[in-house]
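Read through the structure below, which is laid out as structure tokens, and then see the notes.
We number each residue from 1, following the sequence as shown. The figures that follow rest on heavy atoms only: side chains count, while hydrogens, waters and symmetry mates do not.
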Amino acid sequence: MDLNKIKEKFKALYGTEGVMYTSPGRINLIGEHTDYNGGFVLPGAIDKGMYCEIKPNGTDKVRAFALDLEESAEFGLGENDLPAKQWAKYIYGVCREMIKKGKAVPGFDTVFSGDVPLGAGMSSSAALESCFGFAINDQFKLGLDRFELALIGQATEHNYVGVMCGIMDQFASCFGKEGSLIRLDCRSLEYEYIPFHPEGYRLVLINTCVSHNLAEGAYNKRRQSCERVAATIRKYHPEVELLRDANLDMLREVANEVSAEDYIRAEFVIEEIKRMDEACDALKADDYETVGKKMYETHIGLSRKYEVSCEELDYLNDIARECGVAGSRVMGGGFGGCTINLVKSELYDGFIKRATESYEQKFKIKPKVYDVVIKDGARKL
């Protein structure tokens, strides 16, 4: 990321210099579709993020410039000042959520840019919210902690962007730590850092560059399946609030009372929560081959039981297996997007060559490749 371009533009627009901040995108190694079932996820902040330069301007207005889009916006921070441009709503929303908490947010000037690939499932929006949340909090000494900043980012999505997201993305952006993944309890929001030192391995995402429009409706249907099964189990086990509280024995007890489709969806979630714990144990033991096996198990579950994969993702997963890649799975909601791959360093070049060439030959689409390294969360530069 060339920070000088941000600095040059800031100086050209505002005739002065500000302070630089950054916040990263994220990956999730394992633990998919567990969040809304009260389970656990294992995200990590990555070496790609959003960057902003910012300085108070002595007014009650924000003047912002999106360098990657070459677009500017100016807006107030009152309740009725919602800007028209989509990207500006993120900045406005963060400010408004802080104001709702009783914090005084004056006007400021900013230029921002990023190198989180858009539409690749690495949460560029959470990176943007966390970047501005951290910067505004620091500049105006608002005294908010990282936990509050993550919740402010999530509330911005809910209230100003219209996306009813969970907390994982903003949490990873705010709490990321170099050399560690975050085992996040999606119900209590308690978290633990899990060591991630994959010496001799590389983490790489391959973007199918497809997005099947099934995603939103299918997501809601999967969620409803899980809720129905949890409610059925609860009749016999009142302590089961969400699928996170259930086990396979409890699920088998109600096999005749739920549909075959609901049963297999719930089976995947219960297995995935257990798989996540097993992967964490393997990481603590530096056993990356077991971590990889768990990733493959997750992919098979997402493809065959949860049915959120697609031909393109399955194809890349098959190639990873054939090339001897330690672990590979679809990352994110599914129906397109990326596979995340844990690859032995000596196999890396051969795998990438074969995966990209054969994928392009079969689907007539050139996939994108993103190497990622686990880094720190939101910070001042």
[X] and [Y] ion-paired at < 4.0 Å:
X      : Y      : value
Asp47  : Lys375 : no
Arg244 : Asp185 : yes
Lys362 : Glu311 : yes
Arg252 : Asp249 : yes
Arg275 : Glu278 : no
Lys100 : Glu97  : yes
Lys293 : Glu297 : no

What distance separates [X] [atom1] from [Y] [atom2], expressed to the nearest 0.5 Å?
X      : Y      : atom1 : atom2 : answer
Leu302 : Cys310 : CG    : SG    : 11.5 Å
Asp318 : Leu313 : CG    : CG    : 11.0 Å
Lys89  : Thr156 : NZ    : OG1   : 13.0 Å
Tyr359 : Thr339 : OH    : OG1   : 9.5 Å
Leu77  : Asp60  : CG    : CG    : 7.5 Å
Ile365 : Glu312 : CD1   : CD    : 6.0 Å

Linking I/L/V/M/F/W/Y whenever their side-chain heavy atoms sit closer than 4.5 Å, directly or via other members, would [X] and [Y] fall into one cluster?
X      : Y      : answer
Val330 : Ile352 : no
Val308 : Ile270 : yes
Val62  : Ile152 : yes
Phe75  : Val161 : yes
Tyr296 : Leu316 : yes

Do the side chains of [Y] and [X] get nearer than 4.5 Å, heavy atoms only?
X      : Y      : value
Lys366 : Thr356 : no
Glu157 : Ser125 : yes
Leu42  : Cys280 : yes
Arg329 : Lys294 : no
Glu272 : Ile30  : yes
Met331 : Ile27  : yes
Lys177 : Ile182 : no
Val19  : Lys380 : yes

On the ring face of Phe140, is Lys103 found with NZ or CZ under 6.0 Å from the centre and within 45° of the axis? no

Inset, instruction - Could you tell me whether Arg183 sits above the aromatic face of Phe40, with NZ or CZ closer than 6.0 angstrom to the six-membered ring centre and within 45 degrees of the axis? - result: yes

Is a donor on one side and an acceptor on the other found under 3.5 Å between the side chain of [X] and the backbone of [Y]?
X      : Y      : value
Asn28  : Gly332 : no
Ser358 : Arg354 : yes
Asp35  : Cys186 : no

Taking [atom1] in [X] as the centre, count heavy atoms belonging to other residues, nucleotides or ligands within less than 6.0 Å. Is the count above 12?
X      : atom1 : answer
Asn256 : CG    : no
Glu17  : CD    : no
Lys305 : NZ    : yes

Could you go through residues 199-207 and list every donor-acceptor pair under 3.5 Å that involves a side-chain atom there, pairing it with any protein atom two or more places apart or in another chain?
| residue | atom | partner | partner atom | Å |
| --- | --- | --- | --- | --- |
| Tyr201 | OH | Glu289 | OE2 | 2.6 |
| Arg202 | NH2 | Asp371 | OD1 | 3.4 |
| Asn207 | OD1 | Cys209 | N | 2.9 |

Side-chain atoms of residues 49-59: list all donor-acceptor pairs with protein atoms under 3.5 Å, sequence neighbours left out, distances to 0.1 Å.
| residue | atom | partner | partner atom | Å |
| --- | --- | --- | --- | --- |
| Glu53 | OE2 | Gly18 | N | 2.7 |
| Lys55 | NZ | Thr16 | OG1 | 2.7 |
| Asn57 | OD1 | Thr59 | N | 3.0 |
| Asn57 | OD1 | Thr59 | OG1 | 2.9 |
| Asn57 | ND2 | Lys61 | O | 3.1 |
| Asn57 | ND2 | Phe108 | O | 3.2 |
| Asn57 | ND2 | Asp109 | OD1 | 2.9 |
| Thr59 | OG1 | Lys61 | N | 3.0 |
| Thr59 | OG1 | Lys61 | O | 3.3 |

### Task
Report the C-alpha distance between Met276 and Thr34 in whole Å, list the side-chain angles of each, state the deciding distance to 0.1 Å, and finish with yes or no for side-chain contact (heavy atoms from CB on, under 4.5 Å).
CA-CA 10 Å; Met276 231 249 13; Thr34 52; 5.8 Å; no

Please tell me whether [X] and [Y] have a donor and an acceptor in their side chains that are separated by less than 3.5 angstrom.
X      : Y      : value
Asp314 : Ser309 : yes
Glu129 : Tyr160 : no
Ser23  : Ser173 : yes
Glu32  : Thr298 : no

Exercise. Kindly state whether the ring of Phe112 and the ring of Tyr90 have centres lying under 6.0 angstrom apart.
Key: no

Residues 303-333 vs ring-ring contact (aromatic ring centres under 6.0 Å, His included), sequence neighbours excluded, gives His33-Tyr306, Phe268-Tyr306, Tyr315-Phe363

